[in-house]
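We count ligands from 1, going down the list as the structure has it; atoms in each ligand are counted the same way.
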Amino acid sequence: MKKVGIVMGSDSDLPILRKTMDTLASLDIPYECHVYSAHRTPEEARDFALSARDNGFGVLIAAAGMAAHLAGSIAANTTLPVIGIPCKSTCLDGIDALLSTVMMPSGIPVATVAINGGVNAALLSAQILAVEDAQLAQKLAEKRAADTRKVLEKDAALQAELNG
Ligand code: RP5
């Protein structure tokens, strides 16, 4: 199976990416995770993106806060699918990162998930890999069914509390 490459702009983003890694691990998807910044380590971020396909990656996830150019700069240097996670920082509640990540010019797409959307980034990367992997598609279907059951159990508990 192809690997998922995870890049974050700072180790301060790690709590969000831990959810990404946990979700990938729960689906037995191999991944690598790095701290490379579009602004502080532009050469390392560029080299990672340029070599990603040859290094066995199938999807890349890039997470950054503030003026979040990481996902866009990674996408500029690869034709692998790139998923952007805008991270909430102390100012502007993550709207700064959301707009910086999502508003890509035509030609260089970034599939942007919600602010701090670490779980969905992992699931979207899994769904991309599952296009050519029936076993992974089955695992994703089972996870969906389990999540559905959890919600219905909560509804049943609520109905029991409200209606006796
Ligand atoms: C961004 O700036 C990082 O992705 C992080 O979200 C934010 C703050 O970084 P630190 O100052 O905590 O290293 O580049």
Side-chain angles (χ1 to χ4, degrees), residues 1-133 136 139-140 143-144 147 150:
M1 188 191 302
K2 299 277 188 194
K3 294 180 288 185
V4 174
I6 304 169
V7 186
M8 67 194 91
S10 167
D11 63 349
S12 63
D13 302 319
L14 190 52
I16 296 157
L17 280 310
R18 288 220 188 271
K19 294 180 186 173
T20 307
M21 290 188 271
D22 289 348
T23 304
L24 292 173
S26 75
L27 294 163
D28 302 313
I29 296 173
Y31 62 83
E32 266 183 42
C33 189
H34 297 275
V35 180
Y36 295 137
S37 162
H39 306 119
R40 293 165 173 159
T41 64
E43 288 178 16
E44 287 77 4
R46 179 175 177 273
D47 290 347
F48 179 80
L50 285 173
S51 61
R53 187 182 293 274
D54 286 344
N55 286 336
F57 294 101
V59 189
L60 302 179
I61 295 172
M66 304 181 74
H69 300 126
L70 183 60
S73 65
I74 293 282
N77 286 304
T78 183
T79 53
L80 292 174
V82 175
I83 299 169
I85 309 176
C87 298
K88 181 175 169 177
S89 52
T90 47
C91 305
L92 303 178
D93 281 338
I95 298 295
D96 45 357
L98 173 63
L99 297 179
S100 307
T101 305
V102 77
M103 290 301 291
M104 288 298 294
S106 292
I108 310 292
V110 168
T112 304
V113 295
I115 295 169
N116 291 357
V119 171
N120 270 0
L123 291 174
L124 183 54
S125 68
Q127 289 178 203
I128 292 167
L129 294 177
V131 168
E132 296 285 347
D133 185 330
L136 180 55
K139 280 184 192 168
L140 283 165
K143 176 176 168 36
R144 283 270 178 106
D147 290 349
K150 280 182 210 160

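Between Ser12 and ligand 1, an N or O atom pair is found at a separation short of 3.5 Å.
The closest side-chain donor-acceptor pair between Arg53 and Thr79 falls under 3.5 angstrom.
Assignment of Met8 to the shell around ligand 1 is not supported, since no heavy atom sits closer than 4.0 Å.
Counting heavy atoms closer than 4.0 Å to ligand 1, residue Arg40 contributes side-chain atoms (C-beta onward) but none from N, CA, C or O. When heavy-atom distances to ligand 1 are checked against a 4.0 Å cut-off, Ser10 comes that close through both its backbone and its side chain.
Counting only heavy atoms from C-beta outward, the side chains of Met21 and Leu14 approach each other to under 4.5 Å.
Per-residue contacts place Gly9 under 4.0 angstrom from the following atoms of ligand 1 (heavy atoms of the residue considered): 3 (C), 4 (O). In summary, the atoms of ligand 1 found under 4.0 Å from a heavy atom of Ala64, numbered by their order in the structure, are 4 (O).
Taking the ring axis of Phe57 as reference, the NZ or CZ atom of Lys3 stays within 45° of it and closer than 6.0 Å to the ring centre.
The distance from atom NZ of Lys2 to atom CG of Leu129, rounded to the nearest 0.5 Å, is 9.5 Å.
The residue among Met66, His69, Lys88 with a heavy atom at the shortest distance from atom 7 (C) of ligand 1 is Met66.
Here the rule is side chain to side chain contact (heavy atoms under 4.5 Å, CB included) with Lys88, and of Leu98, Asp93, Asp13 only Asp93 fits it. The one candidate from Leu123, Ile85, Thr20 that meets the side chain to side chain contact (heavy atoms under 4.5 Å, CB included) condition with Val113 is Ile85.
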